[in-house]
Asker: 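Dropping the structure in here first, questions after.
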Amino acid sequence: MTKAVVEKIAQFEGQEVLLQGWLAAKRSSGKIHFLQVRDGTGTIQCVMVKANSDEEEFAAADRCPQESSIEVKGTVRKDARSPIGFEIEATSFKIVAEAEPYPISPKDHGTAFLMEHRHLWLRSRRQHAILRIRATIVRAIRDYFDNNGFLLVDAPILTPAACEGTTTLFELDYFGEKAYLTQSGQLYNEATAAAFGKTYCFGPTFRAEKSKTRRHLMEFWMVEPEMAYADLEENMRVAEDFLVYVVGRVLEERQVELATLERDLAPLEAVKGPFPRVHYKDAVAKLQELGSDIVDGEDFGADDETVLTKLYDRPIIVHHYPTAAKAFYMKPDPDEPKYCFSMDVLAPEGYGEVIGGGQREECKEVLEAAIEAHKLPKEAFEWYLDLRRYGSVPHSGFGLGVERTVAWICGLPHIRETIPFPRMLEKITP
RNA sequence: UCCGGCAUAGCUCAGUCGGUAGAGCAAGCGGCUGUUAACCGCUGGGUCGGGGGUUCGAGUCCCUCUGCCGGAGCCA
């Protein structure tokens with residue numbers, strides 16, 4: 001018998017099919033059962049009428065617990081009353097494995113409880129919508145770079161030293177030596193960009209920061225493109241073009257899921273170029289005007305970022321952050337070295353930083369001085385300095401945090417639902 | 001690391017002034033041939049987070065510990 005999938009149920013109209021899945025919910029009027037069957041691709045109502053059913057199977061369906069795995073055979077019928085337009089007129093019902101009492105009932109649960117049952121929570125409609133959108137975002141990211149001359153060259157996850165030396169790293173034992181989980185593929189990308197021109201890496205990233213907010217994970221996915229012969233201006237242009245493309249793909253392919261999440265589409269439809277470019281100095285002046293106590297030379301506080309983004313209807317690019325507040329490899333602006341060729345893309349609606357990047361310092365002597373000023377061990381960066389010794393060029397790149405992007409596009413209040421199994425401060429299970 | 005908040009049935013919560021523990025949902029049983037968070041009736045379900053204290057009496061007041069949630073700093 002033909003196996004049907006809910007996602008493509010229209011193709012099976014009028015056919016007798018086998019549906020393999022799980023019992024998501026049921027209602028009954030005694031002589032007629034309405035079984036909501038989830039097969040992973042969607043949920044469809046299977047209607048089982050007593051008069052047309054095997055007596056034992058009809059009784060089995062009646063007492064079948066939620067989330068039992070089941071196989072239903074029946075005919076696919078068009079029905080206007082169905083939210084998906086189709087239902088299955090069941091002729092046979094079989095329990096594959098009866099479930100124990102299921103902890104996640106159809107309503108009323110707090111996030112703490114749901115997070116403890118994350119492995120089961122993933123079965124819910126809302127989580128399906130979010131993770132499908134995440135999958136589309138990831139595919140759009142890859143398509144963008146693959147189609148625009150970038151080569152995927154992944155950076156290592158186990159690294160010998162701090163890439164930037166400032167933030168906390170997860171340390172581990174590497175056959176008697178200390179090693180760390182990567183917090184950025186950036187430095188390696190500079191090597192691959194010098195080898196291949198335009199490259200990107202895409203993988204998990206780890207930060208052992210004691211951050212306990214709705215915007216932080218200990219383990220998150222980041223895509224980092226790097227371009228040889230590109231300055232800050234080019235970098236901002238690519239970041240903008242890239243983000244417009246990703247949001248556009250989600251709007252094109254995930255209308256159903258966005259509707260499930262009740263996402264207001266207007267702010268997403270407004271994601272069109274050009275994004276406003278705001279010099280750090282102007283941003284500070286504007287914030288001070290609005291009552292912030294920010295001082296020129298400091299990085300933005302969380303409030304500042306929110307206040308600033310709410311002034312615009314689309315993402316904005318803040319550039320020329322203070323050199324002192326940024327990583328050692330950022331190239332200072334020769335006209336005003338207090339500020340550097342760095343840039344962040346801040347998402348609207350209070351979501352804030354989704355992209356951070358900039359133009360890298362290409363001069364060996366300046367870079368050596370920066371490494372020294374940041375009190376970093378020079379030996380560890382000899383290979384990195386080689387990139388300046390052998391054919392150094394102006395180059396730029398950026399990193400986009402996948403989970404923050406998913407949270408923003410989905411309109412979620414918290415980053416924890418954007419990844420199947422979030423790793424959060426002091427919370428690593430399930 | 002710092003600052004707030006919360007902890008009562010499987011889940012979400014109520015519990016007045018300190019006076020013998022409640023609801024809805026879920027579960028179990030019964031009813032119902034078109035339900036959409038179905039509905040109607042019945043039943044079972046509690047170490048009120050742990051420990052200590054005040055009191056004739058503590059879910060309620062005090063101390064302490066634990067767990068969780070939110071935020072700050074830091075960052076994507």
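Here is the naming used below: chain letters follow the sequence lines, and residue numbers restart at 1 for every chain. We use all heavy atoms of the structure for the numbers below, so side chains are in, but hydrogens, waters and symmetry mates are not. As the structure is a prediction and not an experimental result, all values here were calculated from the model.
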Asker: Look at all strands and tell whether Ala51(A) reaches a base, only sugar-phosphate, or nothing, counting heavy atoms closer than 4.0 Å.
Answerer: base
Asker: Any donor-acceptor pair under 3.5 Å joining the side chain of Glu100(A) to the base of rG10(B)?
Answerer: no
Asker: Would you mind telling me which of rG34(B), rC68(B), rA76(B) lies closest to the side-chain atoms of Met222(A)?
Answerer: rA76(B)
Asker: Using a heavy-atom cut-off of under 4.0 Å over every strand shown, decide if Glu116(A) touches base, sugar-phosphate, or nothing.
Answerer: nothing
Asker: When you measure from the side chain of Arg404(A), which nucleotide among rC68(B), rG34(B), rA76(B) comes out closest?
Answerer: rA76(B)
Asker: Select one nucleotide: of rG70(B), rU35(B), rC75(B), the one nearest the side-chain heavy atoms of Lys212(A).
Answerer: rG70(B)
Asker: Given rG70(B), is OP1 or OP2 found less than 4.0 Å from the side-chain N or O atoms of Arg416(A)?
Answerer: yes
Asker: So, do Phe34(A) and rG34(B) meet the stacking rule of ring centres under 5.5 Å and planes under 30°?
Answerer: no
Asker: Do Phe341(A) and His319(A) have their ring centres less than 6.0 Å from each other?
Answerer: no
Asker: Among rC32(B), rA76(B), rU35(B), which is the nearest nucleotide to the side chain of Arg207(A)?
Answerer: rA76(B)
Asker: Of the options rA26(B), rG73(B), rU35(B), whose atoms approach the side-chain atoms of Thr213(A) most closely?
Answerer: rG73(B)
Asker: I'd like to know if Ser211(A) reaches the base of rC74(B) with its side chain, counting only an N/O donor and acceptor under 3.5 Å.
Answerer: yes
Asker: At 4.0 Å (heavy atoms only), tell me whether Val49(A) reaches a base, stays on the sugar-phosphate, or touches nothing.
Answerer: base
Asker: Contact class for His117(A) (heavy atom, under 4.0 Å): base, sugar-phosphate, or nothing?
Answerer: nothing
Asker: Indicate, with a heavy-atom threshold strictly under 4.0 Å, whether Thr205(A) touches base, sugar-phosphate, or nothing.
Answerer: nothing
Asker: Check the side chains of Arg254(A) and Thr136(A) for a donor-acceptor pair under 3.5 angstrom, ignoring hydrogens and angles.
Answerer: yes
Asker: Does the plane of the ring in Phe145(A) sit parallel, tilted or perpendicular to the ring in Phe398(A)? Use 30° and 60° as the thresholds.
Answerer: tilted
Asker: Return no unless some side-chain N or O of His109(A) is found under 4.0 Å from OP1 or OP2 of rC25(B).
Answerer: no
Asker: When we call it a touch if two heavy atoms are under 4.0 Å apart, what does His216(A) touch: a base, just sugar-phosphate, or nothing?
Answerer: base
Asker: Report which part of the nucleic acid Phe220(A) touches: base, sugar-phosphate, or nothing (heavy-atom distance under 4.0 Å, all strands).
Answerer: base
Asker: For Leu400(A), report the nucleic acid contact type (base, sugar-phosphate, nothing); a contact means any heavy atom under 4.0 Å.
Answerer: nothing
Asker: Aromatic ring centroids of Phe300(A) and Tyr280(A) under 6.0 Å?
Answerer: yes
Asker: By nearest atom, which of the nucleotides rC32(B), rU12(B), rA76(B) is closest to the Phe113(A) side chain?
Answerer: rU12(B)
Asker: How is Gln45(A) classified with respect to the nucleic acid when contacts are heavy atoms under 4.0 Å: base, sugar-phosphate, or nothing?
Answerer: base
Asker: Can you tell me if Glu171(A) has over 12 outside heavy atoms packed within less than 6.0 Å of its CD?
Answerer: yes
